[in-house]
Structures are given as C-alpha cells and as structure tokens.
> 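Pasting a structure below so you can have a look.
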Amino acid sequence: MSLRGVTSPPATWDDLTAMAQKLKAGGSKYGINLQTNDWQEYIPLIWSAGGDIMKNGKFTLDSPEAVKALTFYSDFFKKGLTRGSQPQGFDLIQAFVAGDDPMFISGPWMAGLITKAGLDQSKWAVAPMPKGDKSATSFVGGSDWVVFKNSKNQDAAWKFVQFMTSKDTQVSWYKELKDLPSRQDAWSDPAITADPNLKVFGAQLKDAHSPPNIPQWEEVAKAIDDWQEKACLNKATPQDAAKGMQQQATQIIGG
Amino acid sequence: MSVAAPVRQANPAVAQTRPEPSSPTDRRRPGAWWVYVVLSIGLVFLVGPFLWMVASSVKTSAELHHVPPTWIPQSFTLDNYATIFTKLSFPQYFINSVIVAAIVVASNLLFCSMIGYALAKLRFRGKSAVFLIVLATIMVPQTVYLVPLFVLMSNLGFVNSYPGLILPFAAQAFGVFLMRQFIQGIPDELLEAARMDGAGEFTVFRRVVLPLLGAPLATLGILIFLGSWNNFLWPLIIATSDTMYTLPVAVATFSIGQNAVDYGLLMAGSVVLIAPVLLVFLLLQRFVQQGIATTGLKG
Amino acid sequence: MSAQQALVASAVRARPAARRGWLREALTGWAFSAPFLVIFLGFLALPILASFVLSFTDFSLGNLVDPFSTRFIGLNNYAKLLHDPKFLQAALNTTIFVVFGTVLNLAVGLAAAVALNRGITRFRAIFRVGYYLPVVSSIVAIAVVWRFLFNADFGLVNGLLQSVGIKGPDWLGNPTLAVGIIVALMVWRNFGNAMIIFLAGLQGIPNDLYEAARIDGANRWQEFRSITLPMLRPTMLFLTVLTTIGFLQVFEEPFVMTQGGPLNKTLPISMYVYQQGFNFFHQGYASAMAYTLFVVIAAITLIQFRLLRSET
C-alpha cells in the first residue's frame, strides 16, 4: 500500500474515492472491488450516512441518506474505478493478490485465504470502514440459534445452545473456522488477541448493524440487489433506484 | 433439455430406423472437400470444450490463471484429481450418482415394459384413460410439480435420502411410450401360441415378450441412465446436505461458491462427471441414435 | 376399437364363461400396470394436481408445517403475474430464447444432417458421434467449462482475440452478450438431436427424386430447395414442436452460467418459478406461474399438431 503514494487507510468517504483513483492511476486494473448487486456492501453506507433500512416497521430505503449512499456507491462504477461485473466463480483472492483489485470490503475469513494464496502480510492490511456523514458503520451477519416452539427436546436444545455460545466453545470454533465469536469475553482469548488483523475487526464490531429481522428479508434483499445493480450499471438514477427499492420492499411486506 | 414427444403422426420417412447405405448417386459425386473442412471446423467447436476441460484438469493453478491462456498443458499434475477424491467427498458423490442411476434404470426397465405390455396387448377398461394421462404428463414442465413434490417428500421423511432422489424418476412416462410402441409390433400369434400352451400371463411376458425387447430395452436403459446421471435440478432441491449430493450437484455447488474458486478442481470434477456418460455413449451410441430417430425423443 | 375387436367383444358379452376370461385379462392388465402407476400417480400425478390446487392459494413458508392453514385466494396469483415486472421480463427473456434458439437449432441441425447425408461419404460416424456429444453431457460440466472459456480475464476466447489484437468484451457481464451466449449454449447443446432426427428424415426421401432432378440438370442447391426441404416439412414441424417445448422450459443453462443476470436479462420463467418457490417460498404464486407456462406449452403443442395433421 505504500506504493503509489498511499500511506494510510481512507478515513472518510472522500478519502476512499481518492485512494481508489490513486491506485488505478498507479497502474492497477481497478481501484477497488465492489459488486453491482450485493446489498451487504451497499447497506452499511446508508447507516454511515445516518439513515436506516427500516424505522418503526416501515422501510426507509428512499430517504435522502439512502440516496446519498447509493450515489456514492454507484459513482465508483460510473467512474470506472471498479469492475462492471463479476462472473460466477470470480476469484477475488487471485485478483487481489495479483494487484488487479487492490481493495475490497469483506470479512475476517478472507484474511486466511489471502495468506494461503501466498501474499506476505507486509504487503496488505485491514482497515475499518471509512466514515460517512454520521459514522463508520459496518455490516455484521452470521447465524442465529433457534429452539422451535414445537420441539420435543426443548431442554436438550437449550443446553446445546448454551454450550455453543460458551466462551471456550466460541474460541475453539474460531480456531477451526475463523468465525468471529459473538461473546465479547471470548475476544480476550490469546488466540484472538494475537492476530493483528482481528483487532481491526474487533474494533469495527463495536459499530456494526444487521438487517431487520423480518421473515421476508431474503426477498427484500433480492429487490435491493436488483435496484442496486440498475443504479450501478446506469440503468436508473440513484434517486429512482432508491425509490424502486422502497416501493418493492414495501410491497413485499404487504404494506 | 429433457423432452419427450407425444404420439408421432404418420411420417413414413422418420419411421425407418435402419440407416441406408450410401445412395448410388453418391458414387458419382464424392463429398466436396469444402464440406469436410466446414464439418471439421464445426467438430472443433463441439469437441473443443471437452478437450479444454481435460487439459485444464491437469494444469496447476498458476498455469490456469496465466494470461494469455495456454492450450497444451505446460505443467502436468494429478493433484486436482487427488484432492477431489481425498479432501473433497467425490467418492461419495460418485457412489450416490451410481446408486441412484442403477435403481432408476432397473425400475424403469421393469415397470415400463410391464405397463407397456399391458397397454399394448391386454384389454382392460380404463386402458386408454391410463395411457392418455401418462402421455399428458410429458408436456408438463418440471417446475410445475417440484414444490408439491418436495412437500410430499418432506412429509414422507424422504428429504435428503436415496428414496427422495430415486422415487420421482423410477417411473417415467417416456419409457411407457417407447415400450408400448415396440411391443405393439410383436405379433399376437406368438402370444396366443404361448397362452394355448397353458402359460400364465406373466410367463408369456417373461418368456415371449421380454426376450424380443433387447434393442428397445437397451435404448431405454441408456437414455434413462443418461437422464439420471445428468439430472441436476431435483437432486439440488432434495439433497440438503452434501452426503447426498450427486455429481452434478456437487460440481455446480462448488462452482458458484462464495469463496475462492479453484478452476483446476472444478475441471477435474467436471471430467469425473462427464467421463462415465461419454464412455457409455461412445460404446453404445448406436442404440441411442436409433432410439432417438425412431421415436424422436429425449435428449 | 377395430371391427375385429368389436366382434370379439360382443361375442364375449354373450357367454358368461368367457366373461370370466375378460375379468382375468382386466385384472392382469391392471396388475402389470400397477407398479408403474403406483409410483407415477404418487410422485408425479399427485404433485401435478396439488400444484394446480396450490396455485389458487397463498401457500408459503409458514404453511409447510400446517398445510391446511393456507387460504384460497382465487385467481389472485394469476392476476398478480400480469403486474409483476420480473415475470414480464422473464416471459420476454424466455420468448427470445425460444425464438432464436429454435430457429438456430433447426437450421444448424438441418445443415449438419444434410452435410452428413449427402455432402460427405466418409467419416460419417465420427462427425455424427462428435456432434452428438454435447447432448449427452451434463449441463453443469459444460456450463462450468463455457464460463471458464468466456472468462473476461483469462478465458480462452478472449485470449484468442487478444492474439489478433482485439480486446475481448466481458461476455457474461454484458446483458446483450450474455443472452447471446445462453442461446449459443442452448443450440450447441441440443442441435445434435435435431441432426439425428433430420438424418432419419433425409434417409426416407426416395433416391429416384434426386436421380430425376439430376437428369434434369439441377444443381445441389436446387435439389435442396425443391426436393429436400418440401419432403422434410413434416419432420421440421415435428422438430419445431419438440424444440419449442424444450426451450420454453430452459433452466439449467442460465442457472449455471449467469444465475439469471445481469439485470435479470437472462432469467427464464422456470428459473423465476424456482426463485419464488424455493428461495422466497411463495409456493402458491410459484405454482400459478408454473401452470401458466404449462398452458402456453400445451397451447403451442396443440396448435402445431393441428398444423402437422393438416400436412400429412
């Protein structure tokens, strides 16, 4: 990263654009890797701009903050700073290691893959999300443990959940699979504190949101993906795309 | 594409199955050289991707990503095959594909010939209704019944199991059509003669009809085998854990995975997926092409 | 029923002793049909029927546990289809696939068949087998290879273009090109079937016709236009029906190559049914969509059959 005049991670949205431009001008194929149709990369920007997906049971996908976020996001495509498309089976790690896509937004599991691909740690680093108008919020996903109401083994199931969410189990789980522990006290374990990349993720976790907990989320997410793609490929203005997201999402939940 | 045709209307031209020898006029006009050239170029386009698949499966990851791409492998490694058979569960997937295909073929050969015999040679009320219903389902797209079928399997406890993979394909309408067509051509006198000798219907079926069904049974068996081996959509739906994946599902799942994709492994997996089918086809293609030509069905 | 059968039938009715034979034959008929029918009715006919019923309900994820809690909503699902932009896009996509795919499939199949039948005299088997290979291969393996071949960065196609100085486009990232590639894949994979059927049709054309034409001084192209094409009309109609029915249901090619994108321009109806039914669990709606497709298929089949019947 010290090549091409970049010496520190981007602190704000403008910094991110500038960095991407510098990297591309310096010879990389692209400045950053973003997807045309992945809400997980776009939605955090809404949060950072001060908006949200839902408020009081109604969607707010066409708020001014959302439009600002979508404009910022789609500009990368319009300026040619990122790929226009990623075919199935696109190998991001390979592209990153080769320097074609020198920046990307992702999670801790990628760190191991990059090292496995042979890139020395001195050549790359992890940085927190750049700050929008309000914050530098990221996206956190994962899995939820559920005990069914009609289950015949509720006690056993609950015991299992307790086991899986205990500190020791979470640390072992991390060691095996590199999934971040959900228990805060697990983060103090040496296996985790030893990894410098993980520190960044840990800090970011303090400001990370999840999508709303509604049963139709998958369908809403796909609608967001579709409109996001239209905005990025210049088939719709960010305003129209945000409106489209709002309309379709509202319709899906029957509102 | 998996299509079967309803009853063919009269077209004597297509009813012939035996390929005619070169017509006499050809002796006077041998093939124009440019036709050979065009056909050969076409062949390159058709067979090329397969060769590319095999060549890529023995290249190293580095060579696969080399720009510009290489044709003939510069490196040679069997690592890809080793990995899929040891680290990934390809032996399991292969076995699943084999078991499912074997049982599906066997059950179709037996049951379709039985009902084909009944529809062709026995008289019973409701016969035409049965045949029409079976025929009508050939036109129904798969997507129509996938959902209720899954619900049914779920209630029967067959999700992610062999019965779940096998049962929907154990009785295929196309097979009935094919068998009935051929059995109709068997002279009634043969059956009568056996009956007069005191044979029960099942014996008649077993001793007289079945032996005459060699060619159509071979054709049906191969076509059903091909369909089952390549079947992708239903196994994708019904196999919820990878222990029950068949080969196509395994290769497809690995190819649209989220993380870094290893093209070498993918190519090796694809070769394993295609090889048995190509082998069967190359050895027995005569039956396949005859069967297709006669009834103009299934691909 | 033929006259013979009618005679036998009336004779049978007249004598009680023979009626026992009739019963025995009927029982045997059903006995032989039973194994097939049990599986067929249970795992095919029943779901087809259930799907029809489902299409008039709002069956979705919550109803899986308690199927009877679903509500009847009449034709609402069908009406919803007409206002669903994604469905209309999928219908348009499917139409494009079918029209271009069928025409090309038949054209290439015919060309190959004619070339093999009359254009060459040797190596027929090699070409016939080679041209048929894609038909029997797994679409998954083929799509994986094609994706690799058309990869914008290190695929062979762009590599070859590069070597003659052309910068190859992003084949699958461009909506129009992606549609073209899917159609090309559909044709590449299926024309072998058309070729085989045309070959059989060609071999049924009597040689005297060609003899007569040659005596009259016709060249090959004239032979093709005045003899081959007219004689093949029934075969062509038949293949059109077949190919259309098959291509209306196209699923695997777009599913493995592009997942319906970009911009949902390669999303066929079957895949949208799959998305609605298995990604979003709107099974009532998905069923309505599937049945609409079925009706279209049935209609096209019947129309083309009428045409076929009037030809022969």
Side-chain angles (χ1 to χ4, degrees), chain B residues 1 3 5 9-11 13-14 16 20 22-23 25-26 30-31 35-36 39 43 46-47 49 53 65 67-69 111 114-115 117-118 122-124 137 139-141 143-145 147-149 167-168 170-171 201 226 230 232 248 251-252 255 266 270 273-274 277 281 285 289 292-293 296 299, chain C residues 25-26 28-30 32-33 35-36 39-40 43-44 47-48 50-51 115 119-121 127 129-131 135-138 140-141 144-145 148 154 156 159 162 190 193 196-197 200-201 203-204 207 210 234-235 242 245-246 249 252 256 270 273 277 283 286 290 293-294 297-298 301 308-309 312:
Chain B
M1 167 171 148
V3 176
Q9 296 305 303
N11 181 5
V14 188
Q16 304 230 13
E20 285 186 347
S22 308
S23 50
T25 52
D26 285 352
V35 179
Y36 283 99
L39 281 176
L43 197 62
L46 263 89
V47 176
M53 191 193 308
H65 286 98
V67 176
F111 298 152
M114 280 169 68
I115 187 173
Y117 174 63
L122 299 177
R123 284 164 299 169
F124 56 100
T137 62
M139 263 194 310
V140 178
T143 36
V144 166
Y145 55 82
V147 168
L149 187 59
L167 284 169
E201 276 310 318
L226 290 180
N230 293 337
F232 165 61
V251 175
S255 78
L266 212 48
S270 301
L273 169 58
I274 283 206
V277 155
F281 174 65
Q285 45 96 3
Q289 305 203 334
I292 303 276
Chain C
E25 188 166 348
T28 317
W30 283 109
F32 269 81
S33 308
F36 181 88
I39 300 179
F40 174 78
F43 293 99
L44 198 65
I48 291 180
S51 182
I120 64 173
T121 46
F127 287 118
V129 169
Y131 282 12
V135 178
V136 298
S137 311
S138 165
V140 175
V144 166
V145 176
F148 192 20
F154 47 81
L156 189 63
Q162 188 87 354
N190 287 295
N193 266 332
I196 296 298
I197 295 176
Q203 279 160 1
N207 268 310
Y210 289 112
T235 314
L242 215 62
I245 297 178
Q249 300 174 53
E252 293 165 324
V256 186
S270 319
V273 172
Q283 276 124 3
L293 182 62
F294 172 43
I297 291 179
T301 311
L308 193 63
R309 221 172 277 213
T312 53

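Within every chain, numbering begins at 1; the chains are lettered A, B, ... in the order of the sequence lines, protein sequences first and strands thereafter. In this text the structure is predicted, and so the values were computed from the model without any measurement.
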> What's the shortest heavy-atom distance between C:A141 and B:I274, and which atoms?
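Minimum heavy-atom contact is CB-CG1, 3.5 Å.
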> Check whether B:F232 gets within reach of chain C through its side chain, its backbone, both or neither, counting any heavy atom under 4.5 Å.
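Both the backbone and the side chain of B:F232 come within 4.5 Å of chain C.
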> Heavy-atom pairs under 4.5 Å with chain C are the metric here; pick the option from B:I115, B:V277, B:L273, B:T143 that has the most.
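Most pairs with chain C among the choices: B:I115.
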> Looking at C:V144, C:V273, C:V136, C:L44, which one has more heavy-atom pairs under 4.5 Å with chain B than the rest?
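Sorted descending by pairs with chain B, the first entry is C:V136.
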> Determine the option with the most heavy-atom pairs under 4.5 angstrom with chain C, choosing from B:V47, B:L46, B:L167.
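Sorted descending by pairs with chain C, the first entry is B:L46.
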> Where is the tightest heavy-atom contact between C:P35 and B:M114, given as atom of each residue plus distance?
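Of all heavy-atom pairs spanning C:P35 and B:M114, the closest is CG-CE, 3.8 Å.
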> Under 4.5 Å from any heavy atom of chain B, what part of C:V145 do you find: side chain, backbone, both or neither?
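Contact with chain B: backbone and side chain both.
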> Can you list the residues that meet the side chain to side chain contact (heavy atoms under 4.5 Å, CB included) rule with B:V144, with sequence neighbours excluded?
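Partners of B:V144 by the side chain to side chain contact (heavy atoms under 4.5 Å, CB included) criterion, ordered by chain and then number, come out as B:V140, B:P141, C:S51, C:A290, C:Y291, C:F294.
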> Kindly indicate, with the supporting measurements, whether the criterion side chain to side chain contact (heavy atoms under 4.5 Å, CB included) is fulfilled by C:F40 and B:T137.
CA-CA 10 Å; C:F40 174 78; B:T137 62; 3.5 Å; yes
> Let me know if B:L226 has heavy atoms under 4.5 Å from chain C in its side chain, its backbone, both or neither.
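Contact with chain C: side chain only.
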> Under the side chain to side chain contact (heavy atoms under 4.5 Å, CB included) rule, collect the residues that match up with B:A118, sequence neighbours excluded.
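Expected list: B:L122, B:F124, C:F32, C:S33.
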> Pick one of side chain, backbone, both or neither for B:L39, based on which atoms fall under 4.5 Å of a heavy atom in chain C.
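It is both, since atoms from each part get that close.
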> Can you give me the closest heavy-atom contact between C:V140 and B:A252, atom names plus distance?
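Where C:V140 meets B:A252 most closely, the heavy atoms are CG1-N, 3.5 Å.
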> Below 4.5 Å, heavy-atom pairs only: which of C:A50, C:A286, C:A298, C:A115 has the largest tally toward chain B?
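With the most close heavy-atom pairs to chain B, the winner is C:A115.
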> Tell me the closest heavy-atom pair linking B:V147 and C:Q283, and the distance in Å.
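Minimum heavy-atom separation between B:V147 and C:Q283: CG1-CG, 2.8 Å.
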> Considering only heavy atoms, which portion of B:L149 lies under 4.5 Å from any heavy atom of chain C: side chain, backbone, both, or neither?
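Both parts, backbone and side chain.
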> Sort B:V251 into side chain, backbone, both or neither according to what part of it lies under 4.5 angstrom from a heavy atom of chain C.
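When you check distances to chain C, atoms from both the backbone and side chain of B:V251 fall under 4.5 Å.
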> What are the two closest heavy atoms between C:E25 and B:R123, and how far apart are they?
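Minimum heavy-atom separation between C:E25 and B:R123: OE2-N, 2.8 Å.
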> On a heavy-atom basis, which atom in B:P168 and which in C:F43 lie closest, and how many Å separate them?
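In terms of heavy atoms, the two residues are closest at CA-CB, 4.1 Å.
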